[in-house]
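Have a look at the structure below before the remarks.
Quick caveat: nothing in here was measured; it's all calculated off a predicted structure. Each chain gets a letter, A, B and so on, in the order the sequences are listed, and its residues count up from 1.
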Amino acid sequence: MNIRHHIGDDTLMAYVNGTLEDALSVVVATHLAICPKCRRSVSLMEDMAGLLLMETEAAALSATEEAMADMIPNRAHPEPHAQDRSSRTQDYSNTGVPMPLAERMPTSLDDIPWRTLGPGVSHYPLPRASAQKVKGTLRLLKIAPGKVMPEHGHSGRELTLVLRGSYIDDFGRFQAGDIADLDSDILHQPVADTAEDCICLIATDAPLKFSGFFSRLLQPVFGF
Amino acid sequence: MTSPDGIRQDRTGTRALPEELDKDLTAVGLDQDPSAFRRLFANLAPRLKYFMIKGGMIESAAEDVMQDTMLKVWRKAALFDSSKASASTWVYTIARNVKIDRLRKEHRPEPDPEDPCFVPDDPETGEQAVSRKQDRERIQKAMAMLPPEQMTIIKLSFFEEKSHGEIAEMLDIPLGTVKSRIRLAFRKIRTELEGLK
Ligand SMILES: [Zn+2]
């Protein structure tokens, strides 16, 4: 895979320090699974955080806390090597997408029950991890060849990861694996530019804002 | 002794060299060495607690996160690989995940190297395979080169784990400025790291 569009450092840093919204984190983690370059950036940021951690002052510990230093080795059993955090209860290998996304998919990419939004454009909102009220949206979007996604802007951050096919907009050509990391007040209008459907994973931390007549018709469907 | 933020401090606390921490964590992983764990605890526990309080937690919550983190350090030490990360980096990521799980009650999406879709790193060339010690020193030097207004934001992000929005509010600057300073800071750090090779 030849990835040409990567995650912005500001977005990556929010992922590293744990402040990035869940929907956006899913897209970041899915890109990280296939992008060694962005994983190197994450390592650099974590190294910096580790260095800063060791430069901090030391808080005073209570006697109970001090006692943990002896209690933990006496009472707790180390986990065997094989029991990594990656040991999953489910097998996602048939979904055809990296795990951070596969965990949120009801079925494989080929069997998604798409909902039509307009001519050549359909979507599928993905279920969210927590029932708590969460900002932002996470959805799959499918654009038929030659079709245009409604022009839209953002009030927040939007991440688009191409899963299949490709599209072109003012920022260039985006192919499978590429990620578009767009900031607010940017308007763009992606066009699927090959013979294949273009399937993207899109997350926002705020509802999309559509412009134009056609888009205003879609607004009630898309943004909420 | 109390810090300016009202955090009770321990001035007598130890400060081991990063290489010593790496060695102790490896010893815990390989042999469940209790004295190595005690040394790690003396170095890490008071800093983790300080780190969490500084990040806005009340003291009892910071204690919980510290204890949970140190327990995980003991239990998962076998997974630590000193050729891949520093002990401080490894412990930071554990503490961060403990904190996220606590706040969001859901696990943070992460890439999984066991995933059939995972694209592994290119094999390292001899030039890239520098030791962790050199890496650490280079990153420290590169960070020292950052202009203060960029360093402030890096520190608020990693040290206090503030979101971009919170940083913008604290410093009374537009959100876009926070983001552009972060991007500038990392561009500079990467350039410095290239130059320090
Ligand atoms: Zn990338």
Side-chain angles (χ1 to χ4, degrees), chain A residues 1 8-10 13-14 16-19 22 25-26 28-30 32-36 39 41 43-54 56-62 65 68-70 72-74 76-81 84 86 88 92-93 96-100 103 129-130 132 183, chain B residues 3 7-10 13 18 32 34 37-38 41-42 45-47 49-51 53 63 67 70-71 74-79 86 88-89 92-93 96 99-100 104-106 108-112 114-119 121-122 135-136 139-140 143 155 157-159 161 163-164 179 182-183 186:
Chain A
M1 198 172 294
D9 285 327
D10 50 325
M13 189 149 100
V16 167
N17 83 355
T19 56
D22 178 67
S25 297
V26 172
V28 167
T30 306
L32 287 176
I34 54 171
C35 184
R39 285 205 302 274
S41 298
S43 301
L44 168 65
M45 291 176 183
E46 289 176 345
D47 278 340
M48 287 167 63
L51 286 168
L52 288 170
L53 169 66
M54 293 318 292
T56 62
E57 305 299 326
L61 298 186
S62 67
E65 289 176 284
M68 299 277 298
D70 291 312
I72 291 174
N74 282 337
H77 297 287
E79 289 175 15
H81 204 153
D84 190 355
S86 74
R88 311 264 170 172
Y92 296 106
S93 50
V97 293
M99 253 177 219
E103 289 174 325
S130 74
Q132 303 162 355
D183 230 334
Chain B
S3 80
I7 304 172
R8 282 189 303 118
Q9 278 178 264
D10 178 9
Q32 291 96 50
F37 182 76
R38 247 176 257 122
F41 191 94
R47 295 205 163 81
K49 189 175 166 186
Y50 192 94
F51 199 75
I53 298 176
E63 283 172 20
Q67 293 184 12
M70 290 312 299
L71 185 63
W74 170 255
R75 302 188 66 175
K76 294 182 179 292
L79 297 170
S86 285
S88 58
T89 303
Y92 165 80
T93 59
R96 175 203 54 205
K99 189 178 154 184
I100 293 175
R104 294 199 192 158
K105 311 215 181 307
E106 72 193 26
R108 167 187 135 103
E110 278 183 8
D112 182 343
E114 305 297 313
D115 181 354
C117 292
F118 189 87
V119 177
D121 299 346
D122 295 330
D135 261 2
R136 256 186 315 248
I139 294 171
Q140 234 153 3
M143 276 165 77
K155 277 198 169 159
S157 300
F158 286 141
F159 198 59
E161 309 209 309
S163 70
H164 299 340
K179 293 181 181 185
I182 292 171
R183 286 191 289 258
F186 282 104

Using the rule given for side chain to side chain contact (heavy atoms under 4.5 Å, CB included), can you reason through A:M48 versus B:I139, listing the C-alpha separation, both sets of side-chain angles and the distance that settles it, and then say yes or no?
CA-CA 7 Å; A:M48 287 167 63; B:I139 294 171; 3.6 Å; yes
So which of A:A69, A:S25, A:P98, A:P36 has the largest heavy-atom pair count under 4.5 angstrom toward chain B?
A:A69
Contact part of B:M143 toward chain A, heavy-atom cut-off under 4.5 Å: side chain, backbone, both or neither?
side chain
Rounding to 0.5 Å, atoms OH (B:Y50) and OG1 (A:T56) come to a distance of 7.5 Å
Nearest-0.5 Å distance that lies between atom CD in A:E57 and atom CD1 in B:I53
12.5 Å
Looking at A:T30, A:L52, A:D9, A:I34, which has the largest count of heavy-atom pairs under 4.5 Å with chain B?
A:D9
Just how far is it from atom CZ of B:R75 to atom CD1 of A:I72, taken to the nearest 0.5 Å?
10.5 Å
Applying a strict 4.5 Å limit to non-hydrogen atoms, the region of B:F118 in contact with chain A is both
Non-hydrogen atoms of A:E46 and B:R96 that approach each other most closely
OE2-NH1, 3.2 Å
Show the nearest heavy-atom pair for residues B:P109 and A:P100, with the distance to one decimal.
CB-CB, 4.4 Å
If you take all heavy atoms of A:M45 and B:F158, which pair is closest and at what distance?
O-CZ, 3.6 Å
I would like to know whether B:R38 and A:D70 meet side chain to side chain contact (heavy atoms under 4.5 Å, CB included); could you show each step before the answer?
CA-CA 7 Å; B:R38 247 176 257 122; A:D70 291 312; 2.4 Å; yes
Interface check, chain B: of A:L51, A:V16, A:N74, most non-hydrogen pairs under 4.5 Å belong to A:V16
Where is the tightest heavy-atom contact between A:M99 and B:P116, given as atom of each residue plus distance?
CE-CD, 4.4 Å
Please identify each residue that fulfils side chain to side chain donor-acceptor pair (under 3.5 Å) with B:S163, with sequence neighbours left out.
B:E166
What part of B:Q32 gets within 4.5 angstrom of chain A, counting heavy atoms only: side chain, backbone, both, or neither?
side chain
At a heavy-atom separation under 4.5 Å, does B:S157 approach chain A through its side chain, its backbone, both, or neither?
both
Once you round to the nearest 0.5 Å, how far does CE of A:M68 lie from CZ of B:F37?
7.5 Å
Under 4.5 Å from any heavy atom of chain B - which part of A:V28:
neither
Please report the shortest heavy-atom distance between B:K49 and A:A60, naming the atom on each side.
NZ-O, 2.8 Å
Just how far is it from atom CG of B:D135 to atom OG of A:S43, taken to the nearest 0.5 Å?
9.5 Å
With rounding to the nearest 0.5 Å, note down the distance linking CG in B:D112 to CG in A:L32.
12.5 Å
Validation row: A:D47, B:R136 side chains within 4.5 angstrom (heavy atoms)
no
